[in-house]
S.K.: 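Have a look at the structure that comes next, please.
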Amino acid sequence: MGQRSVPFFNYPHVYKQYEEGLLGVVRDVAQRGAYILQRDLEAFEHNLARFTGARFALGVANGTDAIWLALRAAGIGTGDEVIFASHTYVATAASIHFVGATPVPVDCRADHMIDPAAVATAITSRTRAIMPTQLNGRTADMDALQAIADEHGLLIIEDAAQGLGSRFRGRAAGTFGLAGTISFYPAKVLGSFGDGGAILTNDEPLYDALYAMRDHGRNRHGDVIGWGLNSRLDNMQAAILDYKLQFYGEEMTRRRAIAAYYQAHLGDLPQVQLPPAPDSDPRHFDVYQNYELEAERRDELKAFLRERGIGTLIQWGGKAVHQIEALGIHASLPYTEHMFTRCLMLPMNTSLSDDDLAYVCATIREFYT
Ligand SMILES: *Cc1c(COP(=O)(O)O)cnc(C)c1O
């Protein structure tokens, strides 16, 4: 097989794929001059709620705002501790920090999701909430987390930035706890043309509070009912997202097919540990936001693939949150630390052809033989 170029992610493709339809959406919104809090946002929120099964969905400016707004509306603040998996984006911990609470990192396990046993161990008298990250398009073991939360009277607030469409025992990521948050960063499975985020909740008082908080404290009648600020999801972004949401089923199907392909063509290699295959556990429906494996001689493999035109990425720049020195969070998390010497993400997006996938797999096999 000759050399190919397989970039890790293909940003122009997310536009090219639906170019005609998207241009129609932009033209329609611009012609109406409908930029802030207009019907396209309402339609998207409605459709997002329906898609996830949440009672309410609220568009906000980005996935990070979604997390800290949800924490703040839930009443979490100074003196509280929130437990999260250190294998997450720094935004998860930063959101906890910025509401005044203490982020308490814990380990993940072989599927790279938060380890419920580690959560149980980390609970103190100040713990208020568990914040699982629904990482890589997979939902954590929510039965185990809910049992711990019930036993200790803790809230669950999910960082489902990477989890849209993923399910655990039929229930969508973002709908388990008091609230769940979504990011529409362009490289997310549902990506906007810039920043965007959403909060999901079944709790009406929480929804009402967040509704006002994201728009200068104003309720539906325009009355200021408390402190708020500006974290609105742009109506134009909402219109684009609403258009793309109708193709989300195809997107998930293709990603699952790519994961099945990687499984079939790399699953026998003893040097790599692949993420769970699409149908390996009937409780999980994974949407493969990322395809994160663990590999022996990871850095050599990465360089070998790069020389052959294949882009890969080590998540979070190669560090779990507790390993970022500037943040001063100290912990010893053996699985996470070992994993970060081995983890690597392969290309996973709908711009990949079957020939691209064959080339990626053949090149990895070549490296190990
Ligand atoms: C992308 C992401 C976020 C933040 O989303 P933004 O929209 O970029 O603010 C938070 N948590 C996780 C796990 C993410 O992957």
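When a ligand or atom number is given, it counts from 1 through the structure's own listing order. One-based numbering along the sequence shown.
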S.K.: Just need the protein heavy atom nearest to atom 2 (C) of ligand 1, so name the residue and atom and give the distance.
M.R.: K188 NZ, 2.9 Å
S.K.: Compute the shortest N/O to N/O distance between W316 and ligand 1 and return yes if it is under 3.5 Å, no if not.
M.R.: no
S.K.: Is the cationic atom of R342 (NZ for Lys, CZ for Arg) positioned less than 6.0 Å from the six-membered ring centroid of F340 and within 45 degrees of its normal?
M.R.: no
S.K.: Tell me which one of D195, T133, T64 gets a heavy atom nearest to atom 9 (O) of ligand 1.
M.R.: T64
S.K.: Go through ligand 1 atom by atom and flag the ones less than 4.0 Å from a non-hydrogen atom of T88.
M.R.: 13 (C)
S.K.: May I ask you to list the atoms of ligand 1 that are less than 4.0 angstrom from any heavy atom of G63?
M.R.: 5 (O), 6 (P), 7 (O), 9 (O)
S.K.: Are any of the side-chain nitrogens in D40 or R32 under 4.0 Å away from the carboxylate oxygens of its partner?
M.R.: yes
S.K.: Who's closest to atom 5 (O) of ligand 1 heavy-atom-wise, of S183, A94, G163?
M.R.: S183
S.K.: Out of all atoms in ligand 1, which are within 4.0 Å of some heavy atom of A161? Include the element for each.
M.R.: 2 (C), 3 (C), 10 (C), 11 (N), 12 (C), 14 (C)
S.K.: Considering heavy atoms of the protein only, find what lies nearest to atom 8 (O) of ligand 1 and give residue, atom and distance to 0.1 Å.
M.R.: Y185 CD1, 3.8 Å
S.K.: Apply the hydrophobic cluster definition, ILVMFWY joined by side-chain contacts under 4.5 Å directly or through others, and give me every member besides F168.
M.R.: I83, V104, V106, I114, V119, I123, I130, M142, L145, I148, L154, I156, F176
S.K.: I want to know whether F184 and F44 have ring centres closer than 6.0 Å.
M.R.: yes
S.K.: What protein heavy atom is closest to atom 3 (C) of ligand 1, reported as residue, atom name and distance in Å?
M.R.: Y89 CD2, 3.5 Å
S.K.: Considering non-hydrogen atoms of the protein only, which is the closest contact for atom 15 (O) of ligand 1, and what is the distance?
M.R.: Q162 NE2, 2.9 Å
S.K.: Is there a donor-acceptor contact under 3.5 Å linking the side chains of H87 and T336?
M.R.: no
S.K.: So which protein heavy atom does atom 11 (N) of ligand 1 come closest to, and at what separation?
M.R.: D159 OD2, 2.8 Å
S.K.: As an exercise, state the distance from CZ of F8 to CD1 of I310, rounded to the nearest 0.5 Å.
M.R.: 13.0 Å
S.K.: Which one of D208, D203, T201 satisfies the side-chain contact (heavy atoms from CB on, under 4.5 Å) criterion with P205?
M.R.: D203
S.K.: Quick one: side chain to side chain donor-acceptor pair (under 3.5 Å) pairs with a partner in residues 149-165, sequence neighbours left out?
M.R.: T92-D159, Q134-E158, Q146-D150, Q162-N290, Q162-Q315
